Amino acid sequence: TRAGHHVIHADWFGFPHNADSLRRVGLCYHEAADRKLPGRCDTVSASMKRFVIHSSAGDYPLLCGRGLVGRRGWLARQLPAERTGVFLLSSPRVWRSCGRALAAALESARPHRILFDDRETAKDLRTVERIARALVRAGADRGAAIVAAGGGVVGDVAGFAAASYMRGVWLAHVPTTLVAQVDSSIGGKTGVNLKEGKNLVGAFYPPQLVVTDPDLLKTLDVRQYRSG
C-alpha cells in the first residue's frame, strides 16, 4: 500500500486501480483473500480480490480471481446455506465451453440445469416464460438460488427471470465474456427486447453475488474476445 491506499495488481483486467478510484465508481476494495472473508466467502488464494458493490438494494460482493470456477465445489460454498434448490441458467453455447468447470464448481449443490438460446433474437419475453415454467417444473420456490452463467444476454434474461419469478429470488452472476465481466454483470440492469425496441421490459435487480474468473475468457475465440 501507499498513503493508506490498497493497489490492485495490474494483472486484474490489465490496469491498476487504487481504493479512491474504485470508490468513485461505487466499488469498495477489500484485501486479498489470504484469510477467511466475512459471511460464506472462504479462503481461495492470495490472488483473489473481493470488492463490495454498493446498490440501492444493499451491498453485495464481487469475487475476482483466476481459476475460481475451476475449483471443485468452491462456487457451491458461496451460495446461501438456507437455499431450497440451486438452478443454473446458461446457454448451450456456454455449456459446451464451460459446462464441465461449472458442474464441478457447483457439484455439492446438485444444481438443476436450465439452458436457453443466448442469441440477441431470443432475448424476449417468450424466453423468460420458458425459463419460469422450467423453474416451476423443477420445483423452484422462494428459497431458490439462481446462478446465471454466460455473457450479456444470459445475464440480462436470467436476471430478469430471477427478478420476476416468485417476485424475486436469490441471484448470482458468473460472467463469461469480457463486457459481462467488467460491466453488465455488476449494475443490476436486466431486461428483454420487444419488437418495438431493445430492453424495453426489465428491472433493476442487483445480484447477491458476482464471481468473475478471467480464465473463463480463454474459452472465447479471438473475434469474440476482441468484441467483448
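None of the values given here were measured: they were computed from a predicted structure. Basis for what follows: all heavy atoms, side chains included, without hydrogens, waters or symmetry-related copies.
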Is there a donor-acceptor pair closer than 3.5 Å between any side-chain N or O of [X] and the backbone N or O of [Y]?
{"X": "Thr190", "Y": "Ala203", "result": "yes"}
{"X": "Asp215", "Y": "Arg66", "result": "no"}
{"X": "Asp118", "Y": "Ser91", "result": "no"}
{"X": "Asp156", "Y": "Gly159", "result": "no"}
{"X": "Thr127", "Y": "Lys123", "result": "no"}
{"X": "Arg142", "Y": "Met166", "result": "yes"}
{"X": "Thr176", "Y": "Leu216", "result": "no"}
{"X": "Gln181", "Y": "Asp213", "result": "yes"}
{"X": "Asn193", "Y": "Asn199", "result": "yes"}

Heavy-atom pair of closest approach, residues [X] and [Y]:
{"X": "Phe87", "Y": "Gly139", "value": "CZ-C, 4.4 Å"}
{"X": "Gly150", "Y": "Val94", "value": "CA-CG2, 3.9 Å"}
{"X": "Pro214", "Y": "Gly65", "value": "CD-O, 3.6 Å"}
{"X": "Leu68", "Y": "Leu63", "value": "CD1-O, 4.0 Å"}
{"X": "Val128", "Y": "Phe160", "value": "CG2-CD2, 3.8 Å"}
{"X": "Phe116", "Y": "Ala158", "value": "CZ-N, 4.3 Å"}

Identify whether [X] and [Y] are in the same connected component of the hydrophobic contact network (ILVMFWY, side-chain heavy atoms under 4.5 Å).
{"X": "Leu125", "Y": "Tyr165", "value": "yes"}
{"X": "Phe204", "Y": "Ile186", "value": "no"}
{"X": "Val157", "Y": "Val169", "value": "yes"}
{"X": "Val201", "Y": "Leu171", "value": "yes"}
{"X": "Trp170", "Y": "Val154", "value": "no"}

[X] side, atom [atom1]; [Y] side, atom [atom2] - distance, nearest 0.5 Å:
{"X": "Ile114", "Y": "Leu135", "atom1": "CD1", "atom2": "CG", "result": "4.0 Å"}
{"X": "Asp117", "Y": "Arg130", "atom1": "CG", "atom2": "CZ", "result": "8.0 Å"}
{"X": "Leu209", "Y": "Ile53", "atom1": "CG", "atom2": "CD1", "result": "10.5 Å"}
{"X": "Leu200", "Y": "Asp124", "atom1": "CG", "atom2": "CG", "result": "12.5 Å"}
{"X": "Leu102", "Y": "Ser97", "atom1": "CG", "atom2": "OG", "result": "10.0 Å"}
{"X": "Asp59", "Y": "Gln208", "atom1": "CG", "atom2": "CD", "result": "12.0 Å"}

Looking at side-chain heavy atoms only, is the closest gap between [X] and [Y] below 4.5 Å?
{"X": "Arg50", "Y": "Leu62", "answer": "no"}
{"X": "Val153", "Y": "Glu120", "answer": "yes"}
{"X": "Val69", "Y": "Trp74", "answer": "no"}
{"X": "Leu79", "Y": "Leu106", "answer": "yes"}

Q: Answer yes or no: does atom NZ of Lys218 have more than 12 heavy-atom neighbours from other residues, nucleotides or ligands under 6.0 Å?
A: no
